[in-house]
Amino acid sequence: ERGGDVTYHGPGQVVAYPILLLGDGERDLHALLRNIEEAVIRTAADDGVKTGREAGKTGVWTVPSDGEGARKLASIGIACRKWVSFHGVALNVDPDLAYFQRINPCGFDASVMTSLAAETGRPVDAAAVKHRLAHHLAATLGRRIA
């Protein structure tokens, strides 16, 4: 119901499910997806990880600097009933990426998955990421986030 394919939620991720009543002028689910992506892009930049979007692929992807392909940092899927959104984003902070080997995350080969810790080569504080993501979601969604 949220679009996409199977995904994984577990330790080492920050998962945010913004539940929003979309009013007149906000009823564009593609814009909502892009705003959630933008919040994650800004959050990753806070840790020095350059990310962006991949054409035709919802989520947030690394911008390769070493000639390798883009890797998926965050999976996003939303659903909406009566213009109330649910589901959201799973940002990989420092999960055991081996769990993705058990599925085809979002329909992709598991080898495309990455995390902030893998990209920075250092431990990343999930609690700090959670607060930064909430801040960026509030900014991109134009709402206060609890």
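For the single chain, residues carry numbers from 1 onward in sequence order.
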**Study point:** Between CG on residue Leu97 and OG on residue Ser115, distance to nearest 0.5 Å
**Key:** 5.0 Å

Study note, to complete from the structure: For Ala126 and Val14 the tightest heavy-atom approach is O-CG2, 3.7 Å

Review point. Rounded to the nearest 0.5 Å, how far apart are CG of Leu91 and CZ of Arg132?
Key: 9.5 Å

Practice item. Provide the closest heavy-atom pair for His87 versus Ile78 in the form atom of the first, atom of the second, distance. Key: CB-CA, 4.0 Å

Check your understanding: Is there a donor-acceptor pair closer than 3.5 Å between any side-chain N or O of Arg143 and the backbone N or O of Ala138?
Key -> no

Extract all donor-acceptor atom pairs below 3.5 Å that involve side chains of residues 33-42 and protein atoms in other chains or at least two apart in sequence.
from, atom 1, to, atom 2, distance (Å)
Arg34, NE, Glu37, OE1, 2.7
Arg34, NH2, Glu37, OE2, 3.3
Asn35, ND2, Ala31, O, 3.3
Glu37, OE1, Arg53, NE, 2.9
Glu37, OE2, Gly59, N, 3.0
Glu38, OE1, Arg53, NH2, 3.3
Glu38, OE2, Arg42, NE, 3.1

Practice item. Measure across Pro64 and Gly69 and return the closest heavy-atom pair with its distance rounded to 0.1 Å. Key: CG-C, 3.9 Å

Review point. If every non-hydrogen atom of Pro18 is compared with every non-hydrogen atom of Gly88, which pair is closest and at what distance?
Key: CD-CA, 4.1 Å

Exercise for review: Without swapping roles, check the side chain of Ser85 against the backbone of Leu20 for a donor-acceptor pair under 3.5 Å.
Suggested key: yes

Practice item. To the nearest 0.5 Å, tell me how far Ile76 CD1 sits from Thr58 OG1. Key: 7.5 Å

Check your understanding: Between Val129 and Thr43, is any pair of side-chain heavy atoms under 4.5 Å apart?
Key -> yes

Practice item. Enter the distance from Cys80:SG to Leu21:CG here, rounded to the nearest 0.5 Å. Key: 9.0 Å

Study note, to complete from the structure: For Ala44, the side chain to side chain contact (heavy atoms under 4.5 Å, CB included) test, sequence neighbours excluded, returns Val49, Thr51, Leu73, Leu116

Check your understanding: Could you give all pairs that pass the salt bridge (charged side-chain N to carboxylate O under 4.0 Å, His left out) test and reach residues 115-129, with sequence neighbours left out?
Key -> Asp47-Arg122

Point to revise | salt bridge (Lys or Arg N to Asp or Glu O under 4.0 Å) against Asp96, all qualifying residues, sequence neighbours excluded | key: none

**Study point:** Distance, nearest 0.5 Å, that separates CG of Leu22 from CG of Asp28
**Key:** 9.5 Å

**Study point:** Contacts of type side chain to side chain donor-acceptor pair (under 3.5 Å), residue Glu54, not counting sequence neighbours
**Key:** none

Practice item. Not counting sequence neighbours, which residues clear side chain to side chain contact (heavy atoms under 4.5 Å, CB included) with Val63? List them please. Key: Lys50

Exercise for review: Decide whether Leu32 and Trp83 are clustered together by the hydrophobic rule: side chain heavy atoms of Ile, Leu, Val, Met, Phe, Trp, Tyr closer than 4.5 Å, transitively.
Suggested key: yes

